[in-house]
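Structure, as structure tokens:
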Amino acid sequence: MELLRIATAGSVDDGKSTLIGRLLYDSKSVYDDDLAAIERASNLRGDDYVDLALLTDGLRAEREQGITIDVAYRYFATPRRKFIVADTPGHVQHTRNMVTGCSTADLVLILVDARHGITEQTRRHASIASLLHIGHMVICVNKMDLVGYEERRYDEIRAEFEGFASLLEIADVTFIPVSALHGDNVVERSSEMPWYEGASLLHHLEKVHVAGDRDLEDLRLPVQWVVRPRSAEWNDFRGYAGTLAGGILAPGNEVTVLPGGLMTRVVAIDSADGPIKEAFPPMSVIVRLADDLDIARGDMICGGGTNPTVSQEISAMVCWMDRSPLRAGTRLHVKHTSRWTRGIVDRIEYRLDVNSLGRVPGVAGLDLNDIGRVDLRVAAPLFFDEYRRNRATGSLILVDEATNRTVGAGMILGVAA
């Protein structure tokens, strides 16, 4: 079955955790012991109902404050599809956690409280989802029960967000009115809103098409490991293991290996289940080639339409995740696909106002949770595509040299001017 990665977003107390809990509960994806545990926790808190948000809010501080702080991942499946759901926090100070949770998502659920409508944090999270090039967005207008299930209120919120969405680079935006607390339009269609003619949330998630979002034209296989078994039986075996980041790979394909630029041919492809005839993203495979080439971790096997850009001058949108600000001249470790190198910040072009999507030039640096365009110079060439074309080969991670903390995440725009 196809896997769909989902991230939730929205303002504090819009009901993200409750919606995920309701989705799990109504789709029969909650174990009896988990349900008994949250029933006990709800009773201890004095609630007169089972708080399904406790299924994802696992930290003690989250349960005490009734908010989400860290990203919580939950897994469930229906007969049609498998799902991984990332429940991300709504507080501004936890924006970096929201970026982390959305970085691998195929679809983002943005919750809007029907009483409050579109807020600054709604626009912030929608802007970040657009920057991350998440192809599909669902606006869940939640707590419809608290506005009497009024169609007029839903239409007002939809019209306001559609005006803002015209500024975003997200082609597929769907609106669904729900009540996570009571389960209206979450798994089953609600009788309380006969004016809504669309699908329930789960039905939409089962049907949304995401396979076309991946780059299946340009072959990209970053080499993670050279496989050389130390036994007489496998003495002649030499394979190159990695996670396919783009394209479709099959025996007989002509490929180029970077950085050397030498060409060869794919002889066989192996997976955890044995030899396969075809591989596609994001499968993890071992590739055997016709020629014995000098290939190491961090190299890239390419083919298909075009080769990636090779450069040591990188321009990227960076989400800064550290309390110490990012400044021009900062030295960092850079991780791109399976390659590590050292880098230095040449300049910070501008900071992005994620509420209006406007540019703020002339800034001295980026502070915690800021997003801005940064030019980097790296010690070894990187083999990359623009992030909008391939999220796997177009992203990078910035790591502090002294502490080894992950301090930034970047989305590559191209070669620095």
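Everything quoted here is computed from the prediction, not taken from an experiment.
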| Hey, mind stepping through M321 and T100 against side-chain contact (heavy atoms from CB on, under 4.5 Å) and telling me if it holds? | CA-CA 10 Å; M321 302 178 176; T100 300; 4.1 Å; yes
Apply salt bridge (charged side-chain N to carboxylate O under 4.0 Å, His left out) to [X] and list each qualifying residue two or more places apart in sequence or on a separate chain.
X    : value
E162 : R158
E2   : R81
R342 : E401
E156 : R152, R153

| field | Stepwise side-chain contact (heavy atoms from CB on, under 4.5 Å) check, V334 with L398 | value | CA-CA 5 Å; V334 179; L398 305 177; 3.9 Å; yes
Value rounded to 0.5 Å, distance of [atom1] in [X] from [atom2] in [Y]:
X    : Y    : atom1 : atom2 : answer
L396 : T341 : CG    : OG1   : 11.5 Å
E192 : H182 : CD    : NE2   : 9.0 Å
H125 : E120 : NE2   : CD    : 10.5 Å
Y73  : I20  : OH    : CD1   : 11.5 Å
L4   : H209 : CG    : NE2   : 12.0 Å
Q121 : I128 : CD    : CD1   : 7.5 Å

| task | Have a look at V186 and tell me which of T18, L202, L19 forms a side chain to side chain contact (heavy atoms under 4.5 Å, CB included) with it. | result | L19
| query | Given V173, which of I139, L168, V138 fulfils the side chain to side chain contact (heavy atoms under 4.5 Å, CB included) condition? | reply | I139
Kindly give the heavy-atom pair with the smallest separation between [X] and [Y], and that separation in Å.
X    : Y    : value
A180 : N142 : N-OD1, 2.9 Å
G247 : P281 : O-CD, 3.1 Å
A279 : I269 : CB-CG2, 4.4 Å
P308 : L258 : CG-CD1, 3.7 Å
P177 : N185 : O-ND2, 2.8 Å
G10  : D14  : C-OD2, 4.0 Å

| query | Does a sphere of radius 6.0 Å around CH2 in W225 hold more than 12 heavy atoms from other residues, nucleotides or ligands, not counting ones at 6.0 Å or beyond? | reply | no
| said: Does atom CZ (R115) have a neighbourhood of more than 12 heavy atoms from anything else shown, all under 6.0 Å? | reply: yes
Less than 4.5 Å apart, any side-chain heavy atom of [X] and any of [Y]?
X    : Y    : result
V407 : W320 : yes
R123 : I110 : no
M144 : D184 : no
L132 : V108 : no
I286 : F237 : yes
V210 : L107 : no
L205 : T78  : no
T243 : P222 : no

| query | Do T8 and D87 have a side chain donor and acceptor closer than 3.5 Å? | reply | yes
| said: Strictly below 4.0 Å, N to O, side chains only: are R389 and D218 in salt-bridge contact? | reply: yes
| query | Does the pair R377/D346 count as a salt bridge with the N-to-O cut at 4.0 Å? | reply | yes
Check: [Y] main-chain N/O paired with [X] side-chain donor or acceptor under 3.5 Å:
X    : Y    : result
Q312 : V378 : yes
R297 : Q224 : yes
K143 : D145 : no

Test side-chain hydrogen bond (donor to acceptor under 3.5 Å, both in side chains) applied to [X] - qualifying residues, sequence neighbours left out:
X    : result
R351 : none
Y196 : none
D375 : S315, R347
T119 : S11, T122

| field | Pairing residues for Y387 by the ring-ring contact (aromatic ring centres under 6.0 Å, His included) criterion, not counting sequence neighbours | value | H133
| Among all residues two or more places apart in sequence or in another chain, which pass the ring-ring contact (aromatic ring centres under 6.0 Å, His included) test with F76? | F83
| message | Between D299 and Y240, is the side-chain hydrogen bond (donor to acceptor under 3.5 Å, both in side chains) condition met? List the steps. | response | CA-CA 10 Å; D299 294 352; Y240 306 98; over 6 Å; no
| message | Apply side-chain contact (heavy atoms from CB on, under 4.5 Å) to residues I134 and R391 and explain how you reach the verdict. | response | CA-CA 9 Å; I134 300 175; R391 293 170 70 186; 4.0 Å; yes
| task | Check D385, T393, N390, N307 against R220 for a side chain to side chain donor-acceptor pair (under 3.5 Å) and give me the one that passes. | result | D385
| message | Assess the residue pair I157 and I118 against the criterion (side-chain contact (heavy atoms from CB on, under 4.5 Å)); give the C-alpha distance rounded to whole Å, side-chain angles, the decisive distance to 0.1 Å, and a yes or no. | response | CA-CA 7 Å; I157 294 172; I118 305 301; 3.9 Å; yes
| Please walk me through it: do H136 and D213 pass side-chain hydrogen bond (donor to acceptor under 3.5 Å, both in side chains)? | CA-CA 9 Å; H136 308 272; D213 298 341; 2.8 Å; yes
| note | So the salt bridge (Lys or Arg N to Asp or Glu O under 4.0 Å) pairs with at least one residue in residues 254-272 (sequence neighbours excluded) are D270-R288
| task | Indicate the ring-plane relationship of F161 and F175, choosing parallel, tilted or perpendicular according to the 30° and 60° boundaries. | result | perpendicular
| field | Residue pairs involving residues 245-288 (criterion ring pair (Phe, Tyr, Trp, His ring centres under 6.0 Å); sequence neighbours excluded) | value | none
